[in-house]
Participant: 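This is the structure I want to talk about, given as C-alpha cells.
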Amino acid sequence: MARSYVAEARRRVGPKKERIGPIVERLAAEHADAAIALRFRSPLELLVSVLLSAQTTDVNVNRVTERLFEKYRRPEDYLAVPQAELERDVYATGFYRQKAKALRGTMRLLLEEFDGEVPRRLDELMRLPGVARKTANVVAAELGEAQGVVVDTHVRRLSQRLGLTRQEDPVKIERDLVRLVPRADWGRFPHLLIWHGRRVCDARRPRCENCVLMDLCPSARV
Ligand code: SF4
C-alpha cells in the first residue's frame with residue numbers, strides 16, 4: 001500500500017532529470033539571498049570558519065571569529081601562541097581542544113606544502129587535518145571552484161523528499177546529486193536546499209501548502 005502510494009507520487013511528478021531544472025530555478029527565485037552565513041574576508045578566514053562550524057551554529061562561529069581574526073591574520077599566527085591560548089580563543093565554539101589541534105595542524109601543512117595559501121583542489125583540501133569531505137566541498141564552493149555538492153542534514157532531507165536520491169549515506173547522496181545537478185549549480189544548490197529546509201521544508205513540519213515545489217515534489221502533502 002505504502003509502496004504503491006510512493007510509486008504513484010513519483011509518477012505524478014515525473015522523472016527527476018526533468019524536474020531538476022525547474023527545482024533550481026524556483027528555489028533561486030524564492031531564496032535569492034541564499035548564501036553561506038559565515039563571515040570571512042579571505043580564503044584563510046573561510047577555512048578557519050568552516051573548521052570551527054562543526055557541531056555549532058554559524059551565528060556562534062561569527063561571534064567568535066570577529067575577535068579571532070583580529071588576532072590571527074596569517075597561518076604563522078596560529079602557531080606562534082601556545083596551544084592552550086588558541087584553545088581559549090576558540091573555546092565558545094565547542095570541541096575546542098580538537099578544533100585548536102586541527103587549526104594548528106592545518107596551518108603547519110599550509111606553510112609546509114602550500115606556501116601558506118589555501119589550496120583549491122578537493123584532494124588537497126582533504127589532506128589538511130580536520131578537513132573532511134564536507135568541509136572541503138564548502139571551502140572549494142565558496143572559492144568559486146565547486147568540485148562536488150555539499151551534503152548536510154538539510155540537503156540530505158530535501159534531496160530525499162524531492163525524490164532526487166534514495167540513498168542515506170552522504171557520500172552516495174552526493175554521487176547522485178552530481179550526476180543530476182548541472183555543474184554550474186553545484187555551488188549554490190546546497191545553499192538553496194538549506195534555506196528552503198530552514199524556511200519551508202522543516203524536518204518535522206514541512207509547509208507544503210506554502211511550497212513553490214509542491215507540483216514537483218513526490219512527498220508533497222496535497
Ligand atoms: S512540497 Fe512539502 S515535502 Fe516537498 S519540498 Fe515542499 S515542503 Fe518539502
Participant: Taking only Lys NZ, Arg NE, NH1 and NH2, and the carboxylate oxygens of Asp or Glu, determine whether R156 and E168 approach each other closer than 4.0 Å.
Facilitator: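 Salt bridge flag = yes for E168 with R156.
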Participant: Output every pair passing side chain to side chain donor-acceptor pair (under 3.5 Å) with a member in residues 107-119, not counting sequence neighbours, ordered by first then second residue.
Facilitator: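 Only E113-R127 qualify under side chain to side chain donor-acceptor pair (under 3.5 Å).
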Participant: Under the side chain to side chain contact (heavy atoms under 4.5 Å, CB included) rule, collect the residues that match up with A80, sequence neighbours excluded.
Facilitator: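 Side chain to side chain contact (heavy atoms under 4.5 Å, CB included) check on A80 returns nothing, list empty.
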Participant: E8 vs R11, test: salt bridge (charged side-chain N to carboxylate O under 4.0 Å, His left out). Steps then yes/no.
Facilitator: CA-CA 5 Å; E8 168 53 36; R11 256 198 306 278; 3.5 Å; yes
Participant: Between R73 and E70, does any NZ, NE, NH1 or NH2 come within less than 4.0 Å of an OD or OE carboxylate oxygen?
Facilitator: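 Salt bridge: yes.
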Participant: Would you call Y78 and V48 a side-chain contact if the rule is heavy atoms closer than 4.5 Å?
Facilitator: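 The answer is yes, as the side chains (C-beta and beyond) meet within the 4.5 Å cut-off.
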Participant: Looking only at atom types and distance, does a side-chain atom of T93 sit under 3.5 Å from a main-chain N or O of V90, one as donor and one as acceptor?
Facilitator: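 Yes: the side chain of T93 pairs with the backbone of V90.
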Participant: Can any side-chain N or O of K99 pair as donor or acceptor with the backbone N or O of L52 at less than 3.5 Å?
Facilitator: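 Checked: pair present.
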Participant: Looking only at side-chain N and O atoms, does R104 offer a donor or acceptor that is under 3.5 Å from a partner on Q83?
Facilitator: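 Distance-only check passes for Q83 and R104.
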Participant: Do E174 side-chain atoms and V149 backbone N/O form a donor-acceptor pair below 3.5 Å?
Facilitator: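 Confirmed, E174 side chain pairs with V149 backbone.
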Participant: To the nearest 0.5 angstrom, please state how far the CG atom of N137 sits from the CD atom of E142.
Facilitator: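 Nearest 0.5 Å value for the CG-CD distance: 11.0 Å.
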Participant: Taking V50's backbone N and O only, do any of them form a donor-acceptor pair with D58's side chain (distance below 3.5 Å, no angle check)?
Facilitator: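 Side chain of D58 to backbone of V50, a donor-acceptor pair under 3.5 Å: no, none is there.
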Participant: Near R120 CZ, under 6.0 Å, is it more than 12 heavy atoms from other residues, nucleotides or ligands?
Facilitator: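 It does: R120 CZ has more than 12 such atoms within range.
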Participant: Would you say the side-chain atoms of H191 and R188 include a donor-acceptor pair closer than 3.5 Å?
Facilitator: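 No, no side-chain donor-acceptor pair sits under 3.5 Å.
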Participant: Between D89 and K71 (salt bridge meaning N to carboxylate O under 4.0 Å), is one present in this structure?
Facilitator: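 Yes, D89 and K71 are salt-bridged.
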Participant: Just list the side-chain donor-acceptor pairs under 3.5 Å for residues 203-217, sequence neighbours left out, or say none.
Facilitator:
residue : atom : partner : partner atom : Å
R207    : NH2  : R199    : O            : 2.7
D215    : OD1  : R26     : NH1          : 2.7
D215    : OD2  : R26     : NH2          : 3.3

Participant: Do the side chains of E45 and R39 get close enough for a salt bridge, i.e. N-O under 4.0 angstrom?
Facilitator: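 Salt bridge between E45 and R39, a charged N being under 4.0 Å from a carboxylate O: no.
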Participant: For the pair N60 (side chain) and A92 (backbone), establish whether a donor and an acceptor sit closer than 3.5 Å, ignoring hydrogens and angles.
Facilitator: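 Present.
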Participant: Between the main-chain N or O of P218 and the side-chain N or O of R10, is there a donor-acceptor pair closer than 3.5 Å?
Facilitator: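 Not at all, since once roles are kept as given, no pair shorter than 3.5 Å links the two residues.
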